[in-house]
Amino acid sequence: MASDPLSSESVTGASAAAPADPRRQAVEALMRLAATRPWDEIELGDIATEAGLTLAKLRGLFPSKLAMLGGLTRIVDDAVLADVSDDLAGEPVRERLFDLVMRRLDALAPYKAGLRRIAPVIRRDPLTMAALNRGAVNSWRYMLASAGIATEDGLGPVRVQGAVLLMARVTEVWLQDDEPELSRTMARLDRELKTAGRVMARVEDVHRLTAPLRGLARALCSGRRPTVRRRERSDESLRREGEDFAPAI
């Protein structure tokens with residue numbers, strides 16, 4: 001009997017023969033090196049060798065080590081977004097964010113050793129921090145969207161940047177939390193979510209109360225002058241109006 005071309009053995013063989021993603025190879029090579037060597041001592045040639053790539057190939061993939069960290073963010077984004085479900089769709093925002101952050105930390109777990117050594121170096125460089133923040137903002141715009149949280153309205157940028165800061169504070173604890181249950185991390189996340197909830201409630205109140213002022217500012221900036229509609233009235237109509245409102249004698 002002829003073998004089935006779609007048998008499990010054939011599928012397994014096809015999967016094994018699938019070409020590896022060179023971008024992922026480069027990122028994972030960097031993170032393996034970062035787990036054992038100081039960040040400043042990792043050279044681009046070292047990364048290429050570790051990844052099994054030529055230096056020319058690596059250059060075509062990433063212009064710098066910092067860009068490779070951006071590539072790690074993309075890998076984690078893809079993992080989290082691939083795991084999106086509607087299980088928490090009806091839950092409060094706080095519950096959805098708690099789940100989202102924990103799933104993101106789960107995706108980062110294989111790279112924890114490298115991140116633990118990289119983080120202190122990165123924090124000392126304001127320019128690097130600013131560049132990574134831009135990438136994190138792009139990442140969290142999609143993260144919040146996956147949790148059904150608005151990112152494109154007037155307060156969208158505030159929500160996104162707030163989520164980036166929240167994740168950064170929680171990650172600081174997570175990097176030093178080696179307990180299997182991550183109890184310290186979850187406690188910090190719970191506190192940060194409570195604080196973020198209070199802050200956003202105040203921001204939303206201010207945003208709502210200042211809506212008329214923002215409308216006036218937009219009108220002034222656009223060069224339009226607010227107009228007042230006037231009704232032309234004849235002398236006769238004015239006289240009659242005066243009689244109508246004359247006090248009874």
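Residue numbers run from 1 in the order of the sequence given.
- Smallest separation of non-hydrogen atoms from Phe62 and Ala26: CE1-CB, 3.9 Å.
- Contact annotation: the side chain of Glu50 never approaches that of Ile47 to less than 4.5 Å [non-hydrogen atoms, C-beta and beyond].
- Each of Leu97, Leu189, Val170 was scored for a side chain to side chain contact (heavy atoms under 4.5 Å, CB included) with Met102, with one residue passing: Leu189.
- Two residues are said to be in side-chain contact when any heavy atoms from C-beta on lie closer than 4.5 Å; Leu175 and Thr171 meet this criterion.
- For Arg188, the salt bridge (Lys or Arg N to Asp or Glu O under 4.0 Å) test picks out Glu192, with sequence neighbours left out.
- Two residues are said to be in side-chain contact when any heavy atoms from C-beta on lie closer than 4.5 Å; Leu61 and Met68 fail this criterion.
- The closest donor-acceptor contact from the side chain of Lys65 to the backbone of Trp39 lies under 3.5 Å.
- Atom CZ of Arg23 and atom CZ of Arg74 lie 8.0 Å apart (nearest 0.5 Å).
- For Arg134, there are no side-chain hydrogen bond (donor to acceptor under 3.5 Å, both in side chains) partners at least two apart in sequence or on another chain.
- Under the 4.5 Å side-chain criterion, counting only non-hydrogen atoms from C-beta, Thr36 is not in contact with Arg117.
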Go through it in stages, so that I can follow the logic: the residues are Met143 and Val101, the test is side-chain contact (heavy atoms from CB on, under 4.5 Å), and I'd like the CA-CA distance, side-chain angles, deciding distance and then a yes or no. CA-CA 9 Å; Met143 295 296 101; Val101 171; over 6 Å; no
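- The CE atom of Met129 lies 8.5 Å from the CD1 atom of Ile122; values are rounded to the nearest 0.5 Å.
- Asp153 is listed as a side-chain neighbour of Arg159, based on a closest heavy-atom distance under 4.5 Å.
- The CZ atom of Arg123 sits 4.5 Å away from atom CD of Glu172, with the distance rounded to the nearest 0.5 Å.
- Listed here is the closest heavy atom pair of Tyr111 and Glu28: OH-OE2, 3.2 Å.
- By the rule that hydrophobic residues join a cluster once side-chain heavy atoms approach within less than 4.5 Å of another member, Tyr142 and Val158 end up as members of separate clusters.
- The CZ atom of Arg32 lies 12.5 Å from the CG atom of Asp46; values are rounded to the nearest 0.5 Å.
- Nearest heavy-atom pair across Ala145 and Thr151 is N-CG2, 4.3 Å.
- Judged purely by atom type and a 3.5 angstrom limit, Gln25 uses its side chain to pair as donor or acceptor with the backbone of Ala51.
- By the 4.5 Å heavy-atom criterion applied to side chains, Leu100 and Ile149 are not counted as neighbours.
- Atom CG of Asp177 is separated from atom OG1 of Thr185 by 3.5 Å, given to the nearest 0.5 angstrom.
- Between the side chains of Ser139 and Arg104, a donor-acceptor pair is found at a separation under 3.5 Å.
- In this structure, the separation between CG on Leu132 and CG on Leu72 is 10.5 Å, given to the nearest 0.5 Å.
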Audit row: Met31, Leu115, side-chain contact (heavy atoms from CB on, under 4.5 Å) steps and yes/no: CA-CA 8 Å; Met31 299 311 296; Leu115 291 171; 3.8 Å; yes
Test Glu204 against Leu155 for side-chain contact (heavy atoms from CB on, under 4.5 Å), laying out the working first. CA-CA 8 Å; Glu204 288 171 357; Leu155 290 178; 3.4 Å; yes
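- Looking at Asp83, Asp77, Val76 one by one, the single match for side chain to side chain contact (heavy atoms under 4.5 Å, CB included) with Val80 turns out to be Val76.
- Counting heavy atoms from C-beta outward, Trp140 and Gln161 have side chains that stay 4.5 Å or more apart.
- Residues that satisfy the side-chain hydrogen bond (donor to acceptor under 3.5 Å, both in side chains) test with Arg116, not counting sequence neighbours, are Asp178.
- Contact between Leu53 and Pro22 at its shortest, heavy atoms only, is CD1-O, 3.9 Å.
- Looking only at side-chain heavy atoms (C-beta outward), Leu55 and Arg59 stay at 4.5 Å or farther from each other.
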